S.K.: 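Have a look at the structure that comes next, please.
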Amino acid sequence: MLGFALLILAGIASSLLARRFGTPLLLVFLLLGVALGVDGPGGIRYSDTRFTYLIGSLSLAVILFDGGLRTRAAQVRGSVAPALVLASAGVVLTAALTALAAHWLLALSPLQALLLGAIVSSTDAAAVFFLLRAGGLHLERRTGATLEVESGSNDPVAVFLTIALTTWLSGDMQGGIGGIALHILWGAVAGVAMGYGGGRAIVAVLNRLDLPAGLHPWLTLAGALALFASTGLIGGSGYLAVYLAGIVVANRPLRARNQVLSLQDAMTWFAQLTMFLLLGLLSAPHALLPILWPALGVAAFLMLVARPLAVVLCLLPFRYRPAEVAFISWTGLRGAVGIFLASIPLLAGLPNAWLYFNVAFVVVLTSLLVQGWSLARVAHWLGVAVPRADPNTRRIQLDLPGQLEYDMIGYRIAPGSAVLRGAQLPGRVRLAMVVRGGQVLLPDECGAFAAHDYAYFVAPGGQVPRLDWLFADGRDAREAEQDTFGSFILPGDVPLGELADFYGLPLPARIARATAAQLFDERFDAQPQVGDRLAIGRAVLVVREVRDDRVARIGLKFTGVGERWISG
């Protein structure tokens with residue numbers, strides 16, 4: 001028990017180090033497991049692949065359910081089709097292309113090389129969700145939605161390919177390629193049906209049962225795991241089912257939503273820590289040395305050739321911008337799923353099973369080091385990152401009994417926050433009371449807000465991100481406001497084509513007919529906030545005012561020589 005507790009404390013300490021030095025946290029957990037293993041100072045001899053597979057399955061189900069819970073249908077609707085193409089045809093293409101490198105570099109037979117390609121073919125949902133959210137990286141709406149839906153839904157194809165090819169190589173496959181195709185098809189159909197039905201069932205039970213406080217999030221988590229297991233029992237994809245169930249739960253009115261998300265945050269973090277630690281323990285670094293250079297060659301081919309080529313072919317019909325395609329290609333992060341899938345041939349006792357595991361370990365380690373560490377820099381370099389920092393605010397959120405749509409939201413009003421500088425509350429948000437100097441004041445008694453007030457509102461859950469920005473500490477905003485918004489104020493519905501013609505700005509024809517408000521709505525991963533900006537040539541558009549969830553006014557400024565010329 002002491003050792004287990006110390007292991008958790010070590011994981012927490014490693015998260016602090018990761019934030020301090022910008023290291024991908026998942027990489028830290030993996031290396032911590034290696035350090036505790038047989039070749040590290042910990043010296044723990046661990047070789048239970050069956051237990052690792054069980055814990056890996058459980059952890060991945062928790063992680064995928066959390067990913068679904070963070071997916072809002074309104075934000076991903078336009079990205080579902082391309083993401084599903086990437087999650088299906090993209091996985092198969094990546095596996096086939098990677099098999100070419102594995103066949104040449106590792107002298108594997110075509111079928112063995114294809115198995116290795118399938119093991120490392122899927123984008124890891126845990127790595128993508130964690131690095132995008134924990135790193136505070138905000139992407140343009142279409143890019144971020146495509147990556148999240150793809151990484152959340154591509155694991156089933158990789159799992160089925162790996163299991164089918166493992167069964168085939170072991171001599172137990174019935175029906176050959178046709179049998180594999182039917183197996184995958186049934187898994188997808190059953191996963192979709194069980195996921196949708198299970199998600200609706202979880203919502204119905206949560207909203208109808210009057211449970212003691214604190215049990216709602218545990219019921220949600222237990223329901224998701226029961227759905228995962230029952231879907232697997234009928235041969236369906238449990239991973240697809242729990243991800244889809246999470247999406248269903250996220251997009252319907254739900255009792256105790258904030259409690260559900262809080263517990264899910266903790267359980268997802270713990271699942272990732274456990275999964276990566278166990279996989280690190282299972283590895284033996286001394287066994288990596290004989291295959292290190294060929295494995296690095298497979299990793300380089302996967303990152304620089306196989307994944308980019310598969311993404312280009314899959315997204316070609318959907319007219320993605322080159323920068324979007326390049327970033328999606330680079331964000332093909334390999335994580336614990338690859339090592340987890342490599343444990344399947346180990347369980348089956350296939351020849352070369354440890355070779356698959358060791359190569360997968362090197363591929364994952366290389367991906368986390370190279371792609372994970374450079375993710376934010378590449379996003380900003382390619383221009384697909386939204387220039388927004390997370391608001392520095394603390395919020396109290398409580399469910400209101402007897403209904404599902406509104407919550408009670410409370411904030412301490414920070415000095416210089418946007419609400420003190422005249423920003424308007426979003427529609428459908430109503431002030432309930434203000435606590436000032438120990439006194440409780442009703443809306444008709446409090447007057448104007450003051451710094452250090454405690455304000456409580458009745459608001460729809462979807463308005464919470466907007467309120468966070470209104471009540472965040474405004475010191476940074478005040479310092480930047482003089483130079484950020486520029487000297488020109490324009491309405492949000494100004495046509496971009498007319499603006500570009502007047503100032504001689506380069507503007508792609510596809511957005512010339514759009515307004516500034518429409519462009520902000522399209523490019524940002526959530527509702528635009530005051531201070532968000534987009535560049536058009538030497539001009540920068542900055543959101544000055546948001547009204548009724550739409551950009552009402554923008555500021556226009558120019559950079560470099562253009563700014564001095566226009567000012568003169």
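Computed from a prediction, not measured in an experiment: that's the story for all the values here.
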S.K.: For Y454 together with Y411, are the ring centres under 6.0 Å from each other?
M.R.: no
S.K.: Please check: side-chain N/O of R257 versus main-chain N/O of A250, any donor-acceptor pairing under 3.5 Å?
M.R.: yes
S.K.: Describe, in one word, how the ring planes of F457 and F449 are oriented to each other, choosing from parallel (under 30°), tilted (30 to 60°) and perpendicular (over 60°).
M.R.: perpendicular
S.K.: With no hydrogens and no angle check, is any side-chain donor or acceptor of R255 less than 3.5 Å from a backbone partner on L209?
M.R.: yes
S.K.: Is a side-chain donor or acceptor of Q371 paired with a backbone partner of W330 at a separation under 3.5 angstrom?
M.R.: yes
S.K.: When you look at Y320 and T146, which way does the side chain to side chain donor-acceptor pair (under 3.5 Å) test go after all the steps?
M.R.: CA-CA 11 Å; Y320 277 65; T146 302; 2.7 Å; yes
S.K.: So with a 6.0 Å cut-off around OH of Y456, is the heavy-atom count from everything else above 12?
M.R.: yes
S.K.: So, R200 side chain and A245 main chain: donor-acceptor pair closer than 3.5 Å or not?
M.R.: no
S.K.: Output all residues satisfying salt bridge (charged side-chain N to carboxylate O under 4.0 Å, His left out) with R307, sequence neighbours left out; order by chain, then residue number.
M.R.: E150
S.K.: Do R436 side-chain atoms and C446 backbone N/O form a donor-acceptor pair below 3.5 Å?
M.R.: yes
S.K.: Report the C-alpha distance between S59 and L278 in whole Å, list the side-chain angles of each, state the deciding distance to 0.1 Å, and finish with yes or no for side-chain contact (heavy atoms from CB on, under 4.5 Å).
M.R.: CA-CA 11 Å; S59 300; L278 280 179; over 6 Å; no
S.K.: Which heavy atom of S57 sits nearest to which heavy atom of Y239, and what is that distance?
M.R.: OG-OH, 3.4 Å
S.K.: For I234, does its backbone N or O pair with a side-chain atom of W186 as donor and acceptor, under 3.5 Å?
M.R.: yes
S.K.: Is the backbone of V364 close enough, under 3.5 Å, to the side chain of S367 for a donor and an acceptor to pair up by distance?
M.R.: no
S.K.: Donor-acceptor pair, T515 side chain versus Q518 backbone, under 3.5 Å?
M.R.: yes
S.K.: Would you find a donor on one side and an acceptor on the other, under 3.5 Å apart, between the side chain of T268 and the backbone of D265?
M.R.: no
